[in-house]
Visitor: 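Dropping a structure here in structure tokens format, bear with me for questions.
Ligands are counted one by one from 1 in listed order, and the atoms in each one are counted from 1 as well.
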Amino acid sequence: MLEIAAAKVVVCCPGRNFVTLKIETKDGLTGLGDATLNGRELAVASYLTDHVIPCLIGRDAHRIEDIWQFLYRGAYWRRGPVTMSAIAAVDVALWDIKGKAANLPLYQLLGGACREGAMVYGHANGRDVDETIANALRYKAQGYKAIRLQAGVPGLASTYGVSKDRYFYEPADADLPTENVWSSEKYLRSVPPLFEKAREALGWDVHLLHDIHHRLTPIEAGRLGKDLEPYRPFWLEDATPAENQANFRLIRQHTTTPLAVGEIFNSIWDCKQLIEEQLIDYIRATVVHAGGITHLRRIASFADLHNVRTGCHGATDLSPVTMAAALHFDLSVPNFGVQEYMRHTAETDAVFPHAYRFADGLMHPGEAPGLGVELDEALAATFPYQRAYLPVNRLEDGTLYNW
Ligand code: GCO
Ligand code: MG
């Protein structure tokens, strides 16, 4: 028995907000879990502090599955991003503790390494095609084997995925939501030339990805997929909102471009039909928003039966605790596809010292016991929470649209 003696939530903002759960056992082991939900951070912090932590004290930290079932099945209100991020934080913190108790890196507890490292993709973005390609060439020179391309759309003042900084893209940028303007017509005209020029400049030995960020209808997405087929994209991400999973049947009927979905999914039920009917190729559900390692492994096993591979979300709003957990998962899961990797700021890396590392386009979680991530609480306290919202999106005639 490894008795849970205490748990607390630490909220900090070293460049952006993070919610971290720290669990301590009676004999002094500690585990970390990420509970960050971009733009809704304090809701998860309250869910943990007010409703979950009181139920953890005195339980056996070794009983990860039982505690997961207690928090999921035992609650009358199941699922949803707030609940599942809170459950994920507990789950990951308990895996961290188990790894430390066993003196093994987490991936060893998950069955050991299936590969030498996890292939990651970096974000090349720019105000126009040339700037995006110049940034993509820099990623290629650093050894990246996969690069996501996003370019500003001619005629639109700002575009999703395009930042002012070369490496850091942080969309939750305002005390109250800012408003963007969107035109699917202008966007659809802009993407094929980006890919055509990218293949000319980067060649064919690097994977190219693109994120639509839920902005198209299924038939528009089908057309874009078809237009991009000659350039062989690795995937088209989040073509259309996926509340209605059957939407993806229509996209599939029109293109062989691989499809990735799921960074906002929080349970297996959000992707059951997509996977079962083989409507997607990559599932992007990730540790922090989909119930932790325990639940994500279930999703991955189900996906494996249907030839769907993993492609975990890895934007900067997922803390280094999630990045580490994702890398242990990626190393051990048979149907791994790719891992998203956006570098955190130097301030974030200083608050969360970590063992994971990048080399030659791959990442490795390192050999430290458990997750291999620490939290410098004194430093974290110097970066207090700052309210920040993601933008909203309107069509050119003022209609509220998907961001
Ligand atoms: C991605 C995502 C992010 C999200 C961000 C919002 O593919 O990395 O789409 O850029 O917009 O995580 O919280
Ligand atoms: Mg995305």
Side-chain angles (χ1 to χ4, degrees), residues 13 15-19 34-41 43-44 81-82 84-85 88 120-126 132 139 144 146-152 158-165 167-174 177-178 180 182 187 191 207-216 221 224 233-242 258-266 270-271 274 280-290 310-323 326 337-345 348 387-393 401-403:
C13 188
R16 63 139 12 266
N17 291 315
F18 295 112
V19 179
D34 179 21
T36 307
L37 186 61
N38 205 357
R40 296 290 185 273
E41 294 86 358
V44 192
V82 174
M84 297 307 280
S85 301
V120 293
Y121 69 90
H123 286 206
N125 56 58
T132 300
Y139 276 101
Y144 280 82
I147 304 168
R148 189 185 92 163
L149 304 174
Q150 308 290 142
S158 66
T159 306
Y160 159 78
V162 178
S163 68
K164 294 168 210 87
D165 188 282
Y167 288 123
F168 305 113
Y169 170 62
E170 188 42 77
D173 59 356
T178 52
N180 294 170
W182 178 253
Y187 165 75
V191 189
H207 297 301
L208 300 181
L209 296 77
H210 182 70
D211 190 353
I212 300 174
H213 222 250
H214 315 110
R215 304 269 162 102
L216 296 178
L224 180 60
F234 184 88
W235 78 31
L236 271 187
E237 176 186 337
D238 285 340
T240 191
L259 302 173
V261 183
E263 66 182 45
I264 62 167
F265 291 171
N266 51 72
D270 295 330
C271 46
L274 288 171
I280 57 173
D281 302 278
Y282 297 91
I283 178 69
R284 278 183 49 70
T286 192
V287 178
V288 52
H289 299 133
T310 66
C312 293
H313 190 201
T316 39
D317 50 297
L318 285 64
S319 91
V321 176
T322 286
M323 182 50 67
V338 72
Q339 168 69 49
E340 181 179 15
Y341 175 47
M342 278 174 87
R343 297 169 209 201
H344 288 108
T345 60
T348 299
R387 190 175 66 189
Y389 282 91
L390 291 166
V392 297
N393 217 10
Y401 197 58
N402 316 313
W403 182 76

Visitor: Could an N or O of ligand 1 be found under 3.5 Å from any N or O of D317, whether backbone or side chain?
Guide: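 Right, the criterion is met.
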
Visitor: Looking only at heavy atoms, is any part of R16 under 4.0 Å from ligand 1, and if so is it the side chain, the backbone, or both, or is it neither?
Guide: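 The answer is neither; R16 stays 4.0 Å or more away.
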
Visitor: Enter the distance from L37:CG to F18:CZ here, rounded to the nearest 0.5 Å.
Guide: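 The CZ atom of F18 is 13.0 Å from CG of L37, to the nearest 0.5 Å.
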
Visitor: So, does Q150 use its side chain to make a donor-acceptor pair with the main chain of D211 at under 3.5 Å?
Guide: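 Flag set: sc Q150 to bb D211 pair under 3.5 Å.
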
Visitor: Numbering the atoms of ligand 1 from 1, which are under 4.0 Å from a heavy atom of H313?
Guide: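 Counting atoms of ligand 1 from 1, those under 4.0 Å from H313 are 1 (C), 2 (C), 3 (C), 8 (O), 12 (O).
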
Visitor: Within the structure provided, determine whether I264 and H214 are in side-chain contact (heavy-atom separation under 4.5 Å).
Guide: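 Yes, their side chains come closer than 4.5 Å.
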
Visitor: Which N/O/S atom belongs to D211 and is the closest one to the Mg ion (ligand 2)?
Guide: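 Result for D211 and the Mg ion (ligand 2): OD2.
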
Visitor: Would you say the side-chain atoms of H213 pair up with the backbone N or O of E237, donor to acceptor, closer than 3.5 Å?
Guide: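 Flag not set: sc H213 to bb E237 has no pair under 3.5 Å.
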
Visitor: Quick one: does any side-chain atom of H289 pair with a main-chain N or O of T36 as donor and acceptor, under 3.5 Å?
Guide: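 It does hold such a pair.
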
Visitor: What do you reckon, are the aromatic ring centroids of W235 and Y121 less than 6.0 Å apart?
Guide: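 For W235 and Y121, the ring centres are under 6.0 Å apart.
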
Visitor: Quick one: look at R148 and ligand 1, take heavy-atom pairs under 4.0 Å, and tell me if it's side chain, backbone, both or neither.
Guide: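 Only the side chain of R148 comes within reach of ligand 1.
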
Visitor: Tell me whether Y401 contacts the main-chain N or O of R215 through its side chain, where contact means a donor paired with an acceptor under 3.5 Å.
Guide: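 Checking the backbone N and O of R215 against the side chain of Y401, a donor-acceptor pair under 3.5 Å is found.
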
Visitor: Any N/O/S atom of E237 sitting less than 2.8 Å from the Mg ion (ligand 2), backbone or side chain?
Guide: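 Given the 2.8 Å cut-off, E237 counts as a ligand of the Mg ion (ligand 2).
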
Visitor: Is D238 close enough to the Mg ion (ligand 2) that one of its N, O or S atoms comes in under 2.8 Å?
Guide: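 No N, O or S atom of D238 is closer than 2.8 Å to the Mg ion (ligand 2), so no.
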
Visitor: Please determine if R16 and D317 form a salt bridge, counting it only when a charged side-chain N lies under 4.0 Å from a carboxylate O.
Guide: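 The answer is no: the pair does not qualify as a salt bridge.
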
Visitor: Got the closest protein heavy atom to atom 4 (C) of ligand 1, with its distance?
Guide: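 Of the protein heavy atoms, E263 OE2, 3.5 Å lies nearest.
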
Visitor: What are the atoms of ligand 1, with element, lying closer than 4.0 Å to any heavy atom of R284?
Guide: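 Selected atoms, number and element: 1 (C), 7 (O).
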
Visitor: Please lay out, stage by stage, how Y187 and I212 fare under the test side-chain contact (heavy atoms from CB on, under 4.5 Å).
Guide: CA-CA 9 Å; Y187 165 75; I212 300 174; 3.4 Å; yes

Visitor: Suppose we only allow N, O or S atoms; which atom of E263 ends up nearest to the Mg ion (ligand 2)?
Guide: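 Going by distance to the Mg ion (ligand 2), the closest N, O or S atom in E263 is OE1.
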
Visitor: Spell out, as yes or no, whether a donor-acceptor pair under 3.5 Å connects the side chain of T240 to the backbone of L216.
Guide: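 Judged by distance alone, yes, a pair lies under 3.5 Å.
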
Visitor: Nearest protein heavy atom to atom 6 (C) of ligand 1, by residue and atom, and its distance?
Guide: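 Answer, as residue, atom name and distance: N38 ND2, 3.7 Å.
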
Visitor: Taking distance alone, with N or O pairs closer than 3.5 Å, would you say W403 contacts ligand 1?
Guide: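 No, W403 has no N/O under 3.5 Å of an N/O on ligand 1.
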
Visitor: What is the nearest protein non-hydrogen atom to atom 8 (O) of ligand 1, stated with its residue, atom name and distance?
Guide: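 The closest heavy atom on the protein side is E340 OE2, 2.4 Å.
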
Visitor: Starting from atom 11 (O) of ligand 1, which protein heavy atom do you reach first, and at what distance in Å?
Guide: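 Nearest neighbour among protein heavy atoms for atom 11 (O) of ligand 1, to 0.1 Å: H213 NE2, 2.9 Å.
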
Visitor: Report the nearest protein non-hydrogen atom to atom 10 (O) of ligand 1: residue, atom name, distance rounded to 0.1 Å.
Guide: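 Ranking protein heavy atoms by distance from atom 10 (O) of ligand 1, first comes Y160 OH, 3.1 Å.
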
